[in-house]
Chemist: 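Here it is, the structure, as structure tokens.
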Amino acid sequence: MQTIYKYLECRSFKYAQILLKKMSLLKFYPIDVTYKIIDDKPVVMLFGKALGGHRVCVVDEDFEPYLYVIPRNKEVADKISKIQVDDKGTPVQVVRVENVNKKYLGKVVNVLKVFTKLPKHLLIIRDVIKDWDIIELITEYDIVFVRRYLIDKNIIPFTLTDVECEKVDMGFKVSTFKIKEIKQDSDEIFETPKILAIDIETYNPNGKGIAPDVNPVLMISFYGEDFKKVITWKKFKTELDYVEFVDGEVDLIDKFKEIIEKYKPDVVCGYYSDGFDFPYIQTRAKKYKIKLDLGLDGSELKCFKRGRFETAKLVGIAHIDVFKFIKRILRVNLDTSMFGLNDVAYELLGEKKIDVELDNLAKIWDDEPEKLSKFCEYNLHDSYLTYKLLQKSIANIIELVKIVGLPPYDIIRMGFSQLVEWYLLRQAPSYGEIAPEQPHSDEIRRRRSLTFKGGFVFEPKPGLYKNIVVYDFRSLYPSIISSHNISPATLNSEGKGEQVPLKDEYYWFSNEEKAFIPTLIEDIVKRRMRIKEIMKEGNNALLEARSQSLKILANSFYGYLGFYAARWYSMECARSTTAYGRFYVNKVIEGAKEQGFNVLYADTDSCFMSLEGKTKQDAEKFADEINEGLPGVMELEYEGHYPAGIFVSAKAGTNGAKKKYALLTEKGDLKLRGFEAVRRNSSQIAKEVQGKVLNIVLKEDDKEKAMKYVRSVLEDLRKKRVDNSKMIIHTQLTKDTSDYYSIGPHVAVASRMKALGLEVGPGTIIHYIVTSGGGIIRDRSKLPEEVKQGNYDADYYINNQVVPAIEKIFEVLGYTREDIAEKEGQKKLGEF
DNA sequence: TCCCAACGGGG
DNA sequence: GTGTACGTTGGGA
């Protein structure tokens with residue numbers, strides 16, 4: 001009754017408005033969504049770009065928070081509507097309860113839809129109800145309010161949206177309209193958002209870690225279409241026309257605000273700007289009491305940090321941390337395992353950072369400002385690379401925005417499982433499904449204790465091989481889930497289904513009706529196939545990106561089913577999926593052996609084999625034959641041919657290491673997997689030797705030359721002919737020296753630096769060289785400037801740095817660790 | 001062998 | 001803001 005009354009009131013009001021011609025129709029692309037409590041009511045605010053190019057905000061005051069309860073008897077509804085609790089002096093109650101029919105894990109159920117006044121009341125109500133034994137389940141109380149709005153209203157960000165509205169003034173920076181009706185009829189996408197990339201350089205005196213409380217921002221660069229600028233507060237002579245000078249750091253921050261205000265970007269991006277640039281600027285601004293009120297509603301920049309989760313948010317502008325998206329999502333398509341801007345830009349763009357000695361910036365800033373031009377170029381170039389990287393990944397991001405239905409701000413900060421979960425949550429209402437509850441601590445603990453067998457691994461025989469072909473089964477799991485109807489709803493349920501190829505467990509999945517999850521996967525797989533079909537007529541970067549995103553999402557479903565925090569978690573489904581996976585990979589291996597290929601290595605979804613005199617055409621034909629025997633959408637891809645490759649042994653024993661190999665591509669590049677003996681904090685000499693050895697072995701196929709090279713390096717090390725600078729090990733201090741329980745070399749050095757009056761604290765990178773002499777290593781670790789050229793501990797560098805980086809490679813070539821030493825005419829190397 | 005600290009990205 | 005959650009790896013005990 002109340003609902004009907006409200007509806008009529010609304011209709012008559014709307015009618016009156018239209019008569020008075022106050023209403024207008026607005027078409028816009030939503031970019032960012034948030035909400036605020038105004039007059040004790042939640043108000044959803046959608047910021048976006050209107051057709052015509054101006055930025056707008058539309059607000060909706062008529063959306064109510066709700067949750068679902070599955071009751072065990074008829075009294076529950078009544079009992080719930082009578083709940084009266086107190087929240088810090090404010091009474092909280094249920095607004096109303098509706099009876100609805102829904103499905104829970106495929107089964108039809110009667111559900112109570114419980115409405116409250118404010119979003120946070122849902123959690124309070126849930127706390128009251130959760131232990132009642134007259135309820136079966138309480139769920140969806142923790143769906144983020146604005147996401148609930150987008151799902152229920154069927155609004156996809158970056159997609160053209162029609163709004164019937166009325167202009168209002170809420171004091172925002174953009175025209176604001178009150179929504180009477182909102183809907184999306186078209187699937188037209190906002191393809192050309194205005195993007196602004198930013199990057200900062202900070203004062204960072206030699207060896208010091210990052211300390212925003214102490215060290216100022218020196219320069220800020222901006223890069224957009226037809227826009228480049230560097231602002232700095234030290235004046236010097238320069239020919240760079242994009243450099244602009246201000247009087248100090250305060251002016252720098254003011255100018256930063258001004259540029260963003262004037263440029264009016266839809267998207268702001270940086271590289272690790274969630275964890276560095278924005279929080280750094282915020283800390284500096286706070287120090288000067290400058291308000292960073294860049295939000296389109298006048299709100300300030302918000303930076304959060306909780307554990308590893310760091311983020312920076314600007315209301316109305318989509319802040320994209322390019323690093324985060326690449327590291328979390330795009331990484332599956334990258335060869336690099338290093339996610340610094342330099343490595344990523346090199347792989348994706350073929351461009352590198354400008355090579356400057358960043359350690360010298362502080363000194364040059366203080367003493368030789370005339371040399372700052374180079375650093376301004378460097379600063380701008382980083383923004384340029386970030387801009388280019390976003391340009392390269394924006395199609396992927398937008399595709400995920402389209403499928404998952406959340407704003408880019410959310411999408412780029414999500415991992416695979418979250419993307420799947422929000423895709424499921426978005427789709428659930430269309431299938432009449434309500435979501436399972438998120439697991440709580442006990443359940444999480446229980447789930448984490450369960451394990452399951454992963455993919456099948458055919459262990460490689462360590463060795464150097466020629467003419468390797470690689471097959472890839474990357475869509476294996478999604479296609480298995482789809483074609484075998486794997487889902488919590490069909491598990492061991494009524495109806496026929498074949499038994500999963502597992503020895504000690506008996507699962508089957510009913511194939512009478514396609515379930516929720518397999519349907520969605522099939523949808524994605526088919527969507528991708530359609531795109532691939534179009535791509536055959538002519539390749540296109542946009543379609544490629546769309547196909548890539550669909551693949552990413554499809555591939556994430558299986559991991560999701562076995563992920564402890566998933567709502568639609570099912571250990572049985574995860575186990576069955578991998579069981580089928582092992583079954584099919586083994587089928588490929590057996591087939592290859594029969595045809596005379598030499599199977600070198602297989603892991604989960606890929607298979608490596610050498611041609612053994614066969615041709616590349618034979619290899620492609622083999623894939624076709626396998627494909628003919630595969631059910632449904634399953635497909636084996638011929639990934640490519642590599643002229644040479646090396647598989648090395650695992651750390652212990654002689655078995656081949658999983659995921660540890662180097663391949664030489666037909667273009668002549670090295671494709672490295674798992675050679676982690678060389679890390680960022682390894683000495684330069686170790687990195688150098690590993691790279692060179694792999695190059696000689698794979699490109700020139702000359703193991704003697706490689707051995708000769710290594711011997712000469714070891715000889716140089718012993719004869720103290722290697723420059724000290726290649727010996728420096730860099731390790732970051734993460735807490736105060738006194739807080740360390742175990743004193744590693746870097747901690748010992750840091751303590752001594754402190755004693756010398758040097759400023760050392762959390763974040764400081766300690767550079768040290770291990771010098772020769774007796775006793776434990778930490779006592780022999782010295783600051784580089786304390787060490788005379790050549791006074792390093794050659795044995796330490798040989799045994800702990802250089803040899804570990806290459807020994808596995810030489811083992812494959814038939815040399816032992818001792819061989820390297822003996823032939824050199826020196827004493828044996830240390831224990832191994 | 002197990003367990004805990006380090007590390008990532010940024011300057 | 002109906003939240004805020006790492007995941008891997010190496011070294012030392």
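Just so you know, these numbers use all the heavy atoms, side chains as well, and skip hydrogens, waters and symmetry mates. Throughout, protein chains are lettered first and strands after them, A, B, ... in sequence-line order, and every chain is numbered starting at 1.
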Chemist: How close do A:Val97 and A:Leu112 get, heavy atom to heavy atom, and via which atoms?
Modeler: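 The answer is CG1-CB, 3.9 Å.
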Chemist: Once side-chain hydrogen bond (donor to acceptor under 3.5 Å, both in side chains) is applied, do any residues pair with A:Asp40, and if so which ones, sequence neighbours excluded?
Modeler: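 With neighbours one apart ignored, the set is A:Lys117.
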Chemist: Give the rounded distance in Å between these two atoms: CG of A:Leu385 and C1' of B:dG10.
Modeler: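 After rounding, the gap between these two atoms is 15 Å.
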Chemist: For A:Asp213 and B:dG11, give me the distance from atom CG to atom P, rounded to whole Å.
Modeler: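 Interatomic distance, CG of A:Asp213 to P of B:dG11: 18 Å.
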Chemist: For A:Tyr272, enumerate each residue passing the ring-ring contact (aromatic ring centres under 6.0 Å, His included) test, keeping only those at least two apart in sequence or located in another chain.
Modeler: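 With sequence neighbours excluded, A:Tyr272 shows a ring-ring contact (aromatic ring centres under 6.0 Å, His included) to A:Phe323, given in chain and number order.
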Chemist: Hey, does A:Ile200 reach any base, or is it just sugar-phosphate, or nothing, if we go heavy atoms under 4.0 Å?
Modeler: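 Sugar-phosphate only.
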Chemist: What nucleic acid atoms does A:Ile143 come within less than 4.0 Å of, heavy atoms only: base, sugar-phosphate, or nothing?
Modeler: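 Here A:Ile143 touches the bases of the nucleic acid.
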Chemist: Would you kindly give the CG-to-C1' distance between A:Asp382 and B:dG10, to the nearest whole Å?
Modeler: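 Rounded to whole Å, this separation is 10 Å.
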Chemist: Ring centres of A:Phe145 and A:Phe63 under 6.0 Å apart?
Modeler: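 Close enough - the centres of the two rings lie under 6.0 Å apart.
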Chemist: If the P atom of B:dG11 is compared with that of C:dG7, how far apart are they to the nearest Å?
Modeler: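 Taking atom P in both B:dG11 and C:dG7, they lie 26 Å apart.
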Chemist: If I take atom CG in residue A:Asn800 and atom C1' in nucleotide C:dG10, what distance separates them, rounded to the nearest angstrom?
Modeler: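 One finds 12 Å between C1' of C:dG10 and CG of A:Asn800, rounded.
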Chemist: Name all residues meeting the side-chain hydrogen bond (donor to acceptor under 3.5 Å, both in side chains) criterion together with A:Arg331; count only those two or more places apart in sequence or in a different chain, and write none if there are none.
Modeler: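 A:Arg331 satisfies side-chain hydrogen bond (donor to acceptor under 3.5 Å, both in side chains) with no residue once adjacent residues are dropped.
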Chemist: Go through the structure and list residues passing ring-ring contact (aromatic ring centres under 6.0 Å, His included) with A:Phe115, not counting sequence neighbours.
Modeler: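 With sequence neighbours excluded, A:Phe115 shows a ring-ring contact (aromatic ring centres under 6.0 Å, His included) to A:Tyr66, given in chain and number order.
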Chemist: Please produce a list of atom pairs where a protein N or O lies less than 3.5 Å from an N or O of nucleotides 1-4 of chain B.
Modeler:
none

Chemist: How would you label the contact of A:Tyr141 with the nucleic acid (heavy atoms, under 4.0 Å): base, sugar-phosphate, or nothing?
Modeler: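 Here A:Tyr141 touches the bases of the nucleic acid.
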Chemist: Does a side-chain N or O of A:Lys353 approach OP1 or OP2 of B:dG11 to a distance below 4.0 Å, or not?
Modeler: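 Indeed, a polar side-chain atom of A:Lys353 lies that close.
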Chemist: Looking at every strand, decide which applies to A:Leu341 at a 4.0 Å heavy-atom threshold: base, sugar-phosphate, or nothing.
Modeler: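 Result for A:Leu341 = sugar-phosphate.
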Chemist: Please name all residues satisfying side-chain hydrogen bond (donor to acceptor under 3.5 Å, both in side chains) with A:Lys388, sequence neighbours left out, ordered by chain then number.
Modeler: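 Partners of A:Lys388 under the side-chain hydrogen bond (donor to acceptor under 3.5 Å, both in side chains) test: none.
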Chemist: Listed by chain and number, what are the ring-ring contact (aromatic ring centres under 6.0 Å, His included) partners of A:Phe276, not counting sequence neighbours?
Modeler: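 In terms of ring-ring contact (aromatic ring centres under 6.0 Å, His included), with neighbours along the sequence ignored, A:Phe276 is linked to A:Tyr280.
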Chemist: Rounded to whole angstrom units, what separation is found between the CG atom of A:Asp343 and the C1' atom of B:dG8?
Modeler: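 So the CG-C1' distance, A:Asp343 to B:dG8, works out to 13 Å.
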Chemist: Restricting to salt bridge (charged side-chain N to carboxylate O under 4.0 Å, His left out), what partner residues turn up for A:Arg567, sequence neighbours left out?
Modeler: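 Listed in chain order: A:Asp142, A:Glu421.
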Chemist: Between the protein and nucleotides 4-8 of chain C, which nitrogen or oxygen pairs are less than 3.5 angstrom apart?
Modeler:
residue, atom, partner, partner atom, Å
C:dA5, N6, A:Gln418, NE2, 2.8
C:dA5, N1, A:Gln418, NE2, 2.8

Chemist: With sequence neighbours excluded, what pairs up with A:Lys353 under the side-chain hydrogen bond (donor to acceptor under 3.5 Å, both in side chains) test?
Modeler: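 For A:Lys353 the side-chain hydrogen bond (donor to acceptor under 3.5 Å, both in side chains) partners, ignoring immediate neighbours, are A:Tyr378, A:Asp382.
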Chemist: Pick the C1' atom in C:dA5 and in B:dG10, then give their distance to the nearest Å.
Modeler: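 Looking at atom C1' only, C:dA5 and B:dG10 are 22 Å apart.
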Chemist: Rounded to the nearest Å, what distance is computed from the CD atom of residue A:Glu357 to the C1' atom of nucleotide B:dG11?
Modeler: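 Whole-Å distance recorded here is 12 Å.
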Chemist: Rounding to an integer number of Å, can you tell me how far A:Arg413 CZ sits from B:dG9 C1'?
Modeler: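 From A:Arg413 CZ to B:dG9 C1': 14 Å.
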Chemist: Not counting sequence neighbours, which residues clear ring-ring contact (aromatic ring centres under 6.0 Å, His included) with A:His319? List them please.
Modeler: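 A:His319 satisfies ring-ring contact (aromatic ring centres under 6.0 Å, His included) with A:Phe278 only.
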Chemist: Mind listing the closest non-hydrogen atom pair of A:Gly316 and A:Leu296 along with its distance?
Modeler: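 Minimum heavy-atom contact is O-CD1, 3.7 Å.
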Chemist: Round to a whole Å and report the spacing from CZ of A:Arg328 to C1' of B:dG8.
Modeler: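 To the nearest whole Å, that distance equals 13 Å.
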Chemist: Counting only non-hydrogen atoms, which of residues 272-281 of chain A are less than 4.0 Å from DNA chain B?
Modeler: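 By residue number: A:Tyr272, A:Phe276.
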Chemist: What is the nucleic acid contact for A:Tyr66, judged by heavy atoms within less than 4.0 Å: base, sugar-phosphate only, or nothing?
Modeler: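 Base: the residue A:Tyr66, judged by heavy atoms under 4.0 Å, touches a nucleobase.
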